[in-house]
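I have placed the structure first, in the form of structure tokens, so that the comments after it can refer back to it.
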Protein chains: 2
Amino acid sequence: MTAEATPLPVRATLEDVARTAGVSLATVDRVINRREGVRAKTVARVEAAVAKLGYRADIAAARLARGQSFRFAFVLPTGGNSFMTNLTEQVRHTAEWLAGQRGFIDIIHVDVFDPDVLAGALETLSPAYQGVAVIALDHPRVRAAIDELSARGVAVVTLVSDAPSSRRLHYVGIDNPAAGRTAATLMGRYLGGQEGTVAVIAGSLSLRDHAERQFGFSQILSSEYPNLRALPALEGRDDSERTRELTATLLARHGDLRGIYCCGAGNRGIADALEASGRAREVVWITHELTQHTRRFLVRGTCDAIINQDPGHEARSAARVLLAHCSGEPISPDQERIRIDIFLRDNLP
Amino acid sequence: MTAEATPLPVRATLEDVARTAGVSLATVDRVINRREGVRAKTVARVEAAVAKLGYRADIAAARLARGQSFRFAFVLPTGGNSFMTNLTEQVRHTAEWLAGQRGFIDIIHVDVFDPDVLAGALETLSPAYQGVAVIALDHPRVRAAIDELSARGVAVVTLVSDAPSSRRLHYVGIDNPAAGRTAATLMGRYLGGQEGTVAVIAGSLSLRDHAERQFGFSQILSSEYPNLRALPALEGRDDSERTRELTATLLARHGDLRGIYCCGAGNRGIADALEASGRAREVVWITHELTQHTRRFLVRGTCDAIINQDPGHEARSAARVLLAHCSGEPISPDQERIRIDIFLRDNLP
DNA sequence: CTGTTAGCGCATTCAT
DNA sequence: ATGAATGCGCTAACAG
């Protein structure tokens, strides 16, 4: 099979199309960008020329000529856990990249866990922003703030945590019930047919993502693994110390504790309690988000699997979706779908 | 926390820099692009201006002015299995995207499994290509062909299957030994402490990726799960019918068969044999690549886990790496690392 | 309805 | 060692 001798790599320009269609640049532009006021006959001539020459617009030139630039706000939590720190870092990288594409990102830190504060921040956002990405809360005031931004023509994407009934353009994040189900399947399979108790620790069940994970987890565990009994979810407030105490109590109280599913943060507390108890190897512990800490626990064997969402992918995806929307380009859903990653010690990146 | 009132979203241009540095456009350009022939003092002045204004080059404008375009060849297998079909499709999508960035991809189909044919195709490749992505074979003649292309200044990336000792620029694909280890851990954990036999079916052990997966798998299985005995790998030549026969024989011969790891293709044969035997539910089957077929087997419960590499990501990554190299831009390794995905029925995309 | 024209921000001759 | 001028391919006024 010989490689075909490749001909000229010349690319047709708008001028070429104009010439072969026998019209002017402006007319071609009108046809290409589907603007009004061109006779059907002319449209046809231009389209024929486009087809004949295989014309594709040079998007760099188009962007340059259009001269528009974009300004986006990313509303992220103040402080926050390792995952949020990673996410912030990735948003910074993305900002750097976007700056080359005439897009500017401001990172605005607020206490995203307080609905009033979050809503307030959204309400007072500078009108200079054409788009905002926000770690949302599914709360009436937040929804209202998002809807008002949308009504003002601002593109809003929710990031990591959704506000499904709002008028946000797009949600960038994982399917949390599915993530919970994934954890449950892994837990059920790892425990084989063993009988026993499984604990669920969330940060707060009023956080939609935590609640959804818990829901998905319990659903599969109870329907598919009747040998395992899931305890009611405990709330560790994403705080390591509090989570450590909860875990220690759990271990003391339930001699038949076979597994722990943590659908929030505070993982250092779980690791401490588990390792202190001497039962780290026999208890299957599954948690969320790959961080420097959870990675260590996984490698060490204390943790058995990590369900992850890639903050780099999420940051880039949010920026791409916002940019595409604001410049009227399509997005490829395939590329923007955030995966539910499963990490074992063997496939760590 | 109120959102800061955002000031002017104006972006500094080269002209701005030139003006505040009191020099001409050309001089700024020389400094920015680290060209020779500028007095140190002038360089300093320009750099100060750049820093002061926070200047970032507009990459759209730069690309346009440079006016260079790129032509890449993707060498893919003729025919091929579902995975390869998906990959080809994704390369087509990528080509469409690249066309907007002055990059052109030609897909060249060859029998990549024959080293001589593959090497021949590479050797006779039109010199019009600045880059080529190839599903490599780790064979002396192929290596030599890759090295010669590299010597001619052509950027070569290997795709999915590597030729590690060649002078390729970059490998776009997963870490196959790690993928095998991942499968082994899953297999070991799913089988709990059960004693028994585990079969390994490869397409061909002379394919480097298959061999590496098999290696990783056996390594972990024998060191961590002494209760399981891995049979010597069988070769199904990625052919469903042949693989079906192998599987049927395996099932008939080994009453204690607990698991099957397929590190190649031919999955439909495995599913058929497994389902015909009535032991589909008790035998743990782990395979590679998410396709329309393997997805069905996973949902149905015949297959227990799929180790996957994302062909869309791979196609885009290859194109990005080639483009970045040819236009002297850096790549972000983080984004180009191909993940070893694990899919259970719960986290299917 | 259609054509002319002037940039967009940068790279690149060619002068000086 | 530095500057002035030209054009990349396209969009958007503005004319006709």
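Below, read A as the first sequence line, B as the second, and so on, with proteins coming before strands; counting in each chain starts at 1. Reckoned from all heavy atoms, side chains included, excluding hydrogens, waters and symmetry mates.
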* Carboxylate-amine/guanidinium contact B:Asp16 B:Arg11, below 4.0 Å -> no
* Asked: For A:Glu47, what residues pass the salt bridge (charged side-chain N to carboxylate O under 4.0 Å, His left out) criterion, not counting sequence neighbours?
  -> none
Side-chain polar contacts of residues 147-154 of chain B - donor-acceptor pairs under 3.5 angstrom, sequence neighbours left out - could you list them?
unit_1	atom_1	unit_2	atom_2	d
B:Asp147	OD1	B:Arg167	N	2.6
B:Ser150	OG	B:Ile146	O	3.0
B:Ser150	OG	B:Arg167	O	3.2

* To do: On DNA chain D, reading 5' to 3', which nucleotide is the first and which the last to sit with an atom under 4.0 Å from a heavy atom of chain A, could you check?
  => D:dG9 to D:dC14
* To do: Sorted by first residue and then second, give each side-chain hydrogen bond (donor to acceptor under 3.5 Å, both in side chains) pair with at least one member in residues 92-103 of chain A; sequence neighbours left out.
  => A:Arg63-A:Gln101, A:Glu89-A:Arg92, A:Arg102-B:Asp58
* Using a heavy-atom cut-off of under 4.0 Å over every strand shown, decide if B:Leu14 touches base, sugar-phosphate, or nothing. => sugar-phosphate
* **Length of the CG-C1' vector between B:Asn33 and C:dA11, whole Å** => 8 Å
* To do: Any chance you could measure B:Thr13, atom OG1, to B:Arg19, atom CZ, to the nearest 0.5 Å?
  => 6.5 Å
* Tell me which nucleotide among C:dT2, C:dT12, C:dG9 gets nearest to the side chain of B:Arg66. => C:dT12
* For B:Arg11 and C:dG9, give me the distance from atom CZ to atom P, rounded to whole Å. => 9 Å
* Look at the side chain of B:Asp58 and decide which nucleotide, out of C:dA11, C:dT2, C:dC10, has an atom nearest to it. => C:dC10
* Ignoring hydrogens and angles, tell me if any N or O in the side chain of B:Tyr171 forms a donor-acceptor pair with the backbone of B:Val160 under 3.5 Å. => yes
Heteroatom pairs (N/O) under 3.5 angstrom, protein to nucleotides 13-16 of chain C:
none

* **Check: B:His325 side chain, B:Gly131 main-chain N or O, donor-acceptor pair, under 3.5 Å** => no
* Structure fact -> One should read off an interatomic distance between B:Ser24 OG and B:Asp29 CG, to the nearest 0.5 angstrom, of 9.0 Å
* Asked: Atom OH of B:Tyr55 to atom P of C:dG9: distance rounded to whole Å?
  -> 10 Å
* Any donor and acceptor pair, going by atom type alone, linking the side chain of A:His109 with main-chain N or O of A:Pro77 inside 3.5 Å? -> yes
* NA contact type, B:Ala57, heavy-atom cut-off 4.0 Å: base, sugar-phosphate, or nothing? -> sugar-phosphate
* **Pairwise 5' ranking along DNA chain D for B:Ala61 and B:Gly22, keeping only the more 5' one** => B:Gly22
* To do: Could you check which residues of residues 39-51 of chain B get a heavy atom under 4.0 Å from DNA chain D? Sort them by number, please.
  => B:Arg39, B:Thr42
* Asked: Quick one: A:Asp29 CG to C:dT2 P, roughly how many Å, whole number?
  -> 14 Å
* To do: Please report, rounded to the nearest Å, how far the P atom of C:dG3 is from the CZ atom of A:Arg35.
  => 15 Å
* Starting at atom CZ of A:Arg63, determine the distance to atom P of C:dC10, rounded to an integer number of angstrom. => 15 Å
* Heavy-atom pair of closest approach, residues B:Val91 and B:Leu76 -> CG2-CD1, 4.0 Å
* To do: Report which part of the nucleic acid A:Gly67 touches: base, sugar-phosphate, or nothing (heavy-atom distance under 4.0 Å, all strands).
  => nothing
* **Residue that, paired with B:Val31, satisfies side-chain contact (heavy atoms from CB on, under 4.5 Å) out of B:Val46, B:Val23, B:Val50** => B:Val46
* **Sidechain N-carboxylate O distance under 4.0 Å for B:Asp341, A:Arg339** => yes
* Rounded interatomic separation in angstrom, taking CZ from B:Arg102 and C1' from C:dA11 -> 13 Å
